[in-house]
2 protein chains.
Amino acid sequence: MPERPQDPAALIAARGGRVTRTRTAVLSVLFDAGRPISHDEVGAALDARGVSHDRVTLYRTLDWLVSHDLAHKVAGPDRAWRFNAVGDEEHRHAHFHCDLCGRVFCLESLQPAIAATLPSGFRLGRAELSFHGLCPSCPGPLRSDAGHNRNKIAP
Amino acid sequence: MPERPQDPAALIAARGGRVTRTRTAVLSVLFDAGRPISHDEVGAALDARGVSHDRVTLYRTLDWLVSHDLAHKVAGPDRAWRFNAVGDEEHRHAHFHCDLCGRVFCLESLQPAIAATLPSGFRLGRAELSFHGLCPSCPGPLRSDAGHNRNKIAP
DNA sequence: CGGCTAATGCAACAGTGTAGCGTTTGTCTG
DNA sequence: CAGACAAACGCTACACTGTTGCATTAGCCG
């Protein structure tokens, strides 16, 4: 759900980076994905577009995009990062992690009002709200394999 | 901050597990830590107590504790799991991840009132609220090395 | 005590991410 | 347009986290 599919090359150039094939392709892939995708998924998408996808270069490209505010990094449930493109909209929404297929979804509509007062000494960088469960395209009720579930969130 | 430092052996036996040296030692370490610690930290603590700490056994022991509701798994910022002991109190609080030292703190006092309505189709398992920044024992203001920071959480 | 099985420990492996370094290639200047 | 400089690439090798298989050990129960 890219709000406005801006020109990747222009965005990259605007940040003072060199406009390379990998960068524009990766950013374009992220824009098209519309949800945070893993390094692997990006690689597959690059394959489909016939763009080289060296593993290391891909990592560095994604890191570059993140450090230049063109992408965001979300921790996935399988200890792999997910990346999603950032237009010029604020990235302040929750994420949903599917326990079954491992995909991550942005919950744009969810703007939690977190009234948080941190204990003294803690300096806040950012907050992250994530939900875990089963996504619409995965079968089954709540899984009951690994211990007990807690179907409650807020008191 | 273990509410009541119950006897690890008794807790383990109560779940129908065999009371072994590794298990009791690991659970005891978790109780003493009072915050989610990594597999590595557990290993170091076991060393200090003169208990064997085979890597694989440690992983399996921790997983066993988690699957029997004696411990909780928290995703760390460095893609390593952190584990903390669970007495009989509910584990419904936020976590603070220090960007510098990587430690994770339980924010017991923080009971966020999340009024979340998931889009239809999503089935919720659990929710997690995490904060990232600098902990009291780490130096410096908010780091400014990797891109721009967002010092705001809630609108 | 004796036996059954859970739990252990060892080795080997898989996936994710990083470091070093020589080569390619944008981009800028003349 | 040509040349040069540095950013970006791509390769190899590596580190770390976590897993699988399997033979061995050791709780627990009779």
Side-chain angles (χ1 to χ4, degrees), chain A residues 7-27 36-44 46-47 49-68 70-71 73-83 97 102 104 145-146, chain B residues 7-27 36-44 46-47 50-68 70-71 73-83 97 102-104 145-146:
Chain A
D7 182 31
L11 286 169
I12 291 166
R15 317 278 159 150
R18 286 187 183 172
V19 180
T20 68
R21 208 139 67 112
T22 310
R23 265 183 201 166
T24 52
V26 168
L27 188 50
I37 58 178
S38 67
H39 156 272
D40 238 26
E41 291 174 286
V42 175
L46 288 185
D47 263 346
R49 301 182 186 206
V51 182
S52 83
H53 67 292
D54 177 65
R55 234 162 52 82
V56 179
T57 300
L58 202 44
Y59 276 113
R60 285 199 270 237
T61 301
L62 288 167
D63 278 346
W64 186 90
L65 292 176
V66 169
S67 68
H68 288 76
L70 284 173
K73 230 181 183 176
V74 185
D78 53 353
R79 81 181 185 287
W81 296 108
R82 314 284 153 130
F83 300 84
H97 302 250
V104 181
D145 44 83
Chain B
D7 181 30
L11 287 169
I12 291 166
R15 317 277 159 151
R18 286 186 184 173
V19 180
T20 69
R21 209 141 66 111
T22 310
R23 266 183 199 167
T24 53
V26 167
L27 189 49
I37 58 179
S38 68
H39 156 273
D40 237 25
E41 291 174 288
V42 175
L46 288 184
D47 263 344
V51 181
S52 82
H53 66 293
D54 176 65
R55 236 163 49 85
V56 178
T57 300
L58 202 45
Y59 276 113
R60 285 200 270 233
T61 301
L62 287 167
D63 278 346
W64 186 90
L65 292 175
V66 169
S67 69
H68 287 77
L70 284 172
K73 233 180 181 176
V74 185
D78 54 353
R79 79 180 186 285
W81 297 106
R82 313 286 152 130
F83 300 86
H97 302 250
R103 286 189 297 172
V104 181
D145 43 82

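In the text below, chain A, chain B and the rest are named by the order of the sequence lines, each starting its count at 1. From a predicted model like this one, the values you see are computed outputs, not experimental measurements.
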Of the options D:dG18, C:dT8, C:dA7, whose atoms approach the side-chain atoms of B:Thr22 most closely? C:dT8
Of B:Arg79 and B:Trp64, whose nearest nucleotide on DNA chain C comes first from the 5' end? B:Trp64
Reckon A:Thr20 touches a base, only the sugar-phosphate, or nothing at all at heavy-atom distances under 4.0 Å? sugar-phosphate
Heavy atoms, side chains only, cut-off 4.5 Å: are B:Lys73 and B:Asp63 in contact? yes
Heavy-atom closest pair (A:Ala25 atom, A:Arg49 atom, distance to 0.1 Å) is O-NH1, 4.3 Å
Provide, to the nearest angstrom, the distance between the NZ atom belonging to A:Lys73 and the C1' atom belonging to C:dT18. 11 Å
So, the side chain of B:Arg23 versus the backbone of B:Arg18: is there a donor-acceptor pair under 3.5 Å, distance only? yes
Intermediate values then yes/no, side-chain contact (heavy atoms from CB on, under 4.5 Å), B:Leu58 and B:Leu46: CA-CA 10 Å; B:Leu58 202 45; B:Leu46 288 184; 3.7 Å; yes
If you check every side-chain atom of B:Tyr59, which of C:dT27, C:dG17, D:dG18 has the closest atom? D:dG18
Between A:His53 and B:Asp40, which is nearer to the 5' end of DNA chain D once each is assigned its nearest nucleotide? A:His53
Just checking B:Arg23: base, sugar-phosphate only, or nothing, at a heavy-atom cut-off of under 4.0 Å? sugar-phosphate
Compare side-chain N and O positions of A:Trp81 against OP1 and OP2 of C:dT16 and report whether any pair is under 4.0 Å apart. no
Between D:dT19 (P) and B:Asp54 (CG): distance, integer Å: 14 Å
Has the side chain of B:Arg18 got a donor or acceptor atom sitting under 3.5 Å from an opposite partner on the base of C:dA6? yes
Choosing from C:dC21, C:dT18, D:dA8, which nucleotide comes nearest the side chain of A:Val56? C:dT18
B:Arg21 CZ to D:dG27 P, in whole Å, measures 9 Å
From the set C:dT8, C:dT18, C:dC10, return the single nucleotide nearest to any side-chain atom of B:Thr57. C:dT8
With side chains defined as the heavy atoms from C-beta onward, is the minimum distance between A:Val74 and A:His97 less than 4.5 Å? yes
Atom CG of B:Asp78 to atom P of C:dT18: distance rounded to whole Å? 11 Å
Between the side-chain atoms of B:Arg55 and the base atoms of C:dG9, is any donor-acceptor pair under 3.5 Å? no
Could you check which of D:dG21, C:dG15, D:dC11 has an atom nearest any side-chain atom of B:Arg60? D:dG21
Using whole Å, what does the distance between atom P of nucleotide C:dG17 and atom CG of A:Leu58 come to? 11 Å
Nearest-Å distance for atom pair CG/C1', residues A:Asp63 and D:dA8: 14 Å
D:dC9 phosphate, OP1 or OP2, under 4.0 Å from A:Thr61 side-chain N/O: yes
